[in-house]
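Just so we're clear, the structure is a prediction, and the values are computed from it rather than from any experiment.
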Amino acid sequence: MLTTEQEQLIAATAPVVADHLDAITQRFYPLMFERYPQVKPLFNQAHQQDGGQPRALAGAVLAYVGLRQDPQQARGVLSTVVSKHVSLGIQPDQYPIVGECLMAAIGEVLGEAVTPEVAAAWSGLYEELAGLLIELEDHRYREFEGRPGGWRGTRRFRIADIRQESAVIRSFVLEPEDGGPVADHQPGQFIGVRLTIDGEPVYRHYSLSDVPNGSHYRISVKREPEGRASRHLHDALGVGDTLELLPPAGDLTLEDGDEPLLLASGGVGQTPMLPMARHALTQGRRVVYLHAALDAEHHAFRDEVATLAEAHPERLRAVSIHERGDDADHAGRIDRELLARLVPEGARCYFVGPQGFMTAVDRALAELGVPGERRHYEHFGPSRPLGAA
């Protein structure tokens, strides 16, 4: 527990740390990878290069400094961090590595301003944050392990089927190699995947694109031209090959209630929306399902959504939007005018897609009077504010 003097030191130095937090996190990751190369596979290097991961760390640290006096709110804010950590299988013994390298980076960036007393105060703050994350993550691990078909750590799955959903998206049906049952997940969640590429472990997380069924999971992956993991899945793996899965996680799940829903997606952002739509329809809810794609060739799950619409004609309205071509309900992009015509009154809105897509949808919904607590979204990469570059 921090002493009164340390609390005062943190309060006094927090503005300085905040002003230099980008520089600190930019130094922190190379330092950690140099000292502890074994942790590097846990991080998507593309997110290091574009600054997404450092910004996410900076945001989490600042959020905790501001909310630590309200433990319940702090736990809520850290939920996204916990979900990502669970999907990577982060363990308690990895936290001291982060703490050591983070304090070293603070010292390098701030220099003489980091007195022994200041260093001790911030080290204490980090230990407090680490302890809270370890507690929350352990709760998630134990809860999932206790479910029928649950497990702890990694579990090996076999690719049972592969389906090409669009020009760039491919689905993989994954069945447990041990033949046992598969624990349920909440529609909208993602799952951690551990691949071995060129003899090295590579970790990613992908949305589960089907509802829980007790026998298998389905992930649907977009092939990125420079994506190490996605290219391996598309180009190197086939039916019968195996990979390892970690527990499902993620907070983009349906809120309880009976209000109508808007589910809007762009590109591969459709992967969590599809199981959420299926789940909502089984609850008897009304769903407006918007999907934006580049063109018909890049429009995934079109037949699957059409089948759903045929089965629920009174409750599901599916609308397609393409940027080019004439094989969609609307041409162009999802914008305020389109949303104004389609968003049901009192709807709860969920949307996932590229950063620019989510920013535009969020802004349009806000202008249409949809309150913030009814607008839900999720980043496939590190979290950052909508509108961020």
Connected via hydrophobic side-chain network under 4.5 Å: Ile169 and Leu294: no
Backbone N/O of Glu200 and side chain of Asp198: donor-acceptor pair under 3.5 Å: no
Derivation and outcome, ring pair (Phe, Tyr, Trp, His ring centres under 6.0 Å), residues Phe190 and Tyr206: CA-CA 5 Å; Phe190 52 82; Tyr206 298 107; over 10 Å; no
Short N-O contact, Asp235 and Arg170, less than 4.0 angstrom: no
Arg152-Tyr141 side chain donor-acceptor pair, cut-off 3.5 Å: no
Using distance only, find each side-chain donor-acceptor pair of residues 332-340 under 3.5 Å and give its atom names and separation, not counting sequence neighbours.
| from | atom 1 | to | atom 2 | distance (Å) |
| --- | --- | --- | --- | --- |
| Asp335 | OD1 | Glu337 | N | 3.3 |
| Asp335 | OD1 | Leu338 | N | 2.9 |
| Arg336 | NH1 | Glu367 | OE1 | 3.2 |

Electrostatic pair Arg35-Glu100, nearest N-O below 4.0 angstrom: yes
Contact list for residues 280-299, test salt bridge (charged side-chain N to carboxylate O under 4.0 Å, His left out), sequence neighbours left out: Glu259-Arg285, Asp295-Arg324
Note: Arg158-Glu175 ion pair, threshold 4.0 Å (strictly below): yes
Contacts of type ring pair (Phe, Tyr, Trp, His ring centres under 6.0 Å), residue His322, not counting sequence neighbours: His299
Counterpart residues, salt bridge (Lys or Arg N to Asp or Glu O under 4.0 Å), relative to Glu165 (two or more places apart): Arg163
Contacts table for residues 9-19: side-chain donor-acceptor under 3.5 angstrom, sequence neighbours left out:
| from | atom 1 | to | atom 2 | distance (Å) |
| --- | --- | --- | --- | --- |
| Thr13 | OG1 | Leu9 | O | 2.7 |
| Thr13 | OG1 | Trp122 | NE1 | 2.9 |

Residue pairs fulfilling ring-ring contact (aromatic ring centres under 6.0 Å, His included) with at least one residue in residues 143-179, sequence neighbours excluded: Phe144-Trp151, Trp151-Phe157, Phe157-Tyr217
Verdict with reasoning, His291 to Ser265, per side chain to side chain donor-acceptor pair (under 3.5 Å): CA-CA 5 Å; His291 179 61; Ser265 57; 2.8 Å; yes
